[in-house]
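Order of appearance sets the numbers: ligands from 1, and atoms from 1 within every ligand. Quantities reported herein were computed from a predicted structural model and do not represent experimental measurements.
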Amino acid sequence: DEKLGCQRLTPQTTVNLLDSVDVFLFDCDGVIWKGDALIDGVADTLDTLRAMGKKLVFVTNNSTKSRRRYAEKFSSLGISVAEDEIFSSSFAAAMYLKVNDFPKEKKVLVSELLLWGLVRGGGSNPTRCIYVIGEEGILEELELAGFTALGGPEDGKKTVHMKPNNFFEHDKNVGAVVVGLDKYINYYKLQYGTLCIRENPGCLFIATNRDAVGHLTNLQEFPGAGCMVAAVCGSTQKEPIVVGKPSTFLMDFLLQKFNIPTCRMCMVGDRLDTDILFGQNSGCRTLLVLSGVTNLSDIQDSSNHIQPDYYTSTLSDVVSLFNN
Ligand code: PLP
Ligand code: CA
């Protein structure tokens, strides 16, 4: 550990950690599951932490599902998690637009949204129109928040016809383009999103996340939302507003919701440039688990500047070291 800026979790540091933390924020893929497979020992570990009175929150950059669908996924894996303990980048996109009172660009405080129950719904203003290069999770969260969502998987079947005099029409009301992982991305969607952003200087360009890869299955990594976002950066020459990890947007939302200081929080994740940075950006304690995409040599690499406070093999160590 000497050349590392972080420590391997030991029985003593685990006791200290559990004493000084009230809220655990968990990244999902690589910590809780890999694709659809639960990581060994996770269910018991979460039960034990709850029994110790810890508050558990789950933060995932995977935008393909809504919070409702993540609650179903947890339940199908035998873990009981409430929808309001889940913060997905799909939900973050919807909340970002709410907080910015899109399309008026008049800021609303997160505390106001929560206090007045404004997280859901919001009338039928036809100008609250958003084009989505992404999947169901984003569509569902935007619609629940009261926005009109266009695009999504449906547009995966459409094509661009480039015949003489053909003109590509897009809805001029679109005031934001949200880009996330889209397994059905095509040239039609790229043209649509690009026109919205380029032709309306006020149109927001929002990325749910920029992960390079994700575990769509437990055996292999697949291209993540980062490549869809990069495609739109390429055609628009603009940079997006990122709402998922490591952006502080979700953390600010969480902090207002739970009203607990970050010094009593620990972010547990498997990625340095999303999870660990997310925790550090807000002053949380950070624990890297090696059950996902990062291994020990990545932390030791001299080109890596993101060091967690602690690292350990897998989440269940938190309980087994404590009992040691
Ligand atoms: N995006 C996609 C499409 C993914 O498949 C994954 C992981 O499977 C992620 C992002 C990262 O998710 P998490 O933040 O839960 O690690
Ligand atoms: Ca992860």
Side-chain angles (χ1 to χ4, degrees), residues 24-39 42 46 56-67 69-71 73-74 77 79 81 85-93 132-139 141 152-153 156 178-185 206-231 240 242-247 249-251 254 266-281 284 286-295 298-299 306 308 311-315:
F24 279 95
L25 307 178
F26 296 110
D27 162 50
C28 294
D29 190 72
V31 176
I32 306 295
W33 55 60
K34 249 187 179 173
D36 283 333
L38 200 60
I39 292 174
V42 162
L46 297 179
L56 312 184
V57 176
F58 301 84
V59 189
T60 177
N61 262 3
N62 187 336
S63 65
T64 59
K65 290 185 177 63
S66 61
R67 298 199 300 169
R69 298 267 284 117
Y70 275 115
K73 175 169 180 170
F74 274 105
L77 293 168
I79 301 172
V81 172
E85 295 173 316
I86 301 167
F87 291 80
S88 58
S89 61
S90 51
F91 177 70
V132 177
I133 300 180
E135 299 192 11
E136 282 297 335
I138 302 173
L139 296 183
E141 290 296 353
V178 176
V179 185
L181 179 92
D182 189 339
K183 295 192 287 295
Y184 314 95
I185 192 166
I206 294 175
T208 56
N209 63 305
R210 297 186 97 156
D211 292 44
V213 292
H215 285 104
L216 303 191
T217 74
N218 60 335
L219 296 178
Q220 210 175 12
E221 290 172 357
F222 286 82
C227 81
M228 286 82 196
V229 173
V242 180
V243 294
K245 297 171 289 186
S247 147
F249 174 74
L250 256 188
M251 185 67 88
L254 269 161
C266 178
M267 173 72 204
V268 185
D270 73 320
R271 270 195 94 90
L272 296 164
D273 63 351
T274 54
D275 307 320
I276 300 306
L277 197 56
F278 175 70
Q280 284 179 349
N281 279 343
C284 294
T286 56
L287 169 62
L288 182 85
V289 289
L290 303 175
S291 50
V293 299
T294 306
N295 43 50
D298 297 322
I299 339 177
I306 306 168
Y311 71 91
T312 195
S313 317
T314 179
L315 182 59

With a cut-off of 3.0 Å, which protein N/O/S atoms are close to the Ca ion (ligand 2), if we only count those under it?
Asp27 OD1, Asp27 OD2, Asp29 O, Asp270 OD1

Which of the numbered atoms in ligand 1 are under 4.0 angstrom from any heavy atom belonging to Cys28?
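Counting atoms of ligand 1 from 1, those under 4.0 Å from Cys28 are 15 (O).
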
With no hydrogens and no angle check, is any side-chain donor or acceptor of [X] less than 3.5 Å from a backbone partner on [Y]?
{"X": "Ser89", "Y": "Ala92", "result": "no"}
{"X": "Asp270", "Y": "Ser291", "result": "no"}
{"X": "Glu141", "Y": "Arg67", "result": "yes"}
{"X": "Asp182", "Y": "Ile185", "result": "yes"}

Would one find an N or O of Asp27, backbone or side chain, under 3.5 Å from an N or O of ligand 1?
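Yes - when backbone and side-chain N and O of Asp27 are compared with those of ligand 1, one distance drops under 3.5 Å.
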
Hey, is ligand 1 close enough to Asp29 that some N/O pair sits below 3.5 Å?
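Asp29 vs ligand 1: N/O contact under 3.5 Å present.
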
Side-chain donor-acceptor pairs under 3.5 Å in residues 26-37, sequence neighbours left out?
unit_1, atom_1, unit_2, atom_2, d
Asp27, OD1, Lys245, NZ, 2.8
Asp29, OD1, Gly35, N, 3.1
Asp29, OD2, His215, ND1, 2.7
Asp36, OD1, Lys73, NZ, 3.3

Result of checking Val268, Val289, Leu290, Leu288 against Thr312 for side chain to side chain contact (heavy atoms under 4.5 Å, CB included)
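One option only clears the test, and that one is Val289.
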
Phe24, Phe87, Phe74, Phe91 screened by ring-ring contact (aromatic ring centres under 6.0 Å, His included) with Phe58, the one that passes
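By the ring-ring contact (aromatic ring centres under 6.0 Å, His included) criterion, Phe58 pairs with just one of Phe24, Phe87, Phe74, Phe91: Phe74.
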
Which residue owns the protein heavy atom closest to [atom], what's the atom, and how far is it?
{"atom": "atom 11 (C) of ligand 1", "answer": "Asp211 OD2, 3.5 Å"}
{"atom": "atom 3 (C) of ligand 1", "answer": "Leu181 CD2, 3.5 Å"}
{"atom": "atom 9 (C) of ligand 1", "answer": "Asn62 CB, 3.8 Å"}
{"atom": "atom 8 (O) of ligand 1", "answer": "His215 N, 3.0 Å"}
{"atom": "atom 15 (O) of ligand 1", "answer": "Thr60 OG1, 2.7 Å"}

Where on Lys245 is there a heavy atom closer than 4.0 Å to ligand 1, on the side chain, on the backbone, on both, or on neither?
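It is the side chain that touches ligand 1; the backbone stays farther off.
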
Side-chain donor-acceptor pair under 3.5 Å between Asn62 and Thr60, yes or no?
no

Return the OG1 to CG distance between Thr208 and Asn61, rounded to the nearest 0.5 Å.
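That separation rounds to 7.0 Å.
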
Could you pull out the closest heavy-atom pair between Lys65 and Ser90, with the gap in Å?
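In this case the closest contact between Lys65 and Ser90 is O-OG, 2.8 Å.
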
Hey, is Thr64 one of the residues with a heavy atom under 4.0 angstrom from ligand 1?
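Thr64: no contact with ligand 1 (<4.0 Å).
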
Counting C-beta onward and ignoring hydrogens, is there a side-chain heavy-atom pair between Pro308 and Asp275 closer than 4.5 Å?
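Answer no - side chains too far apart.
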
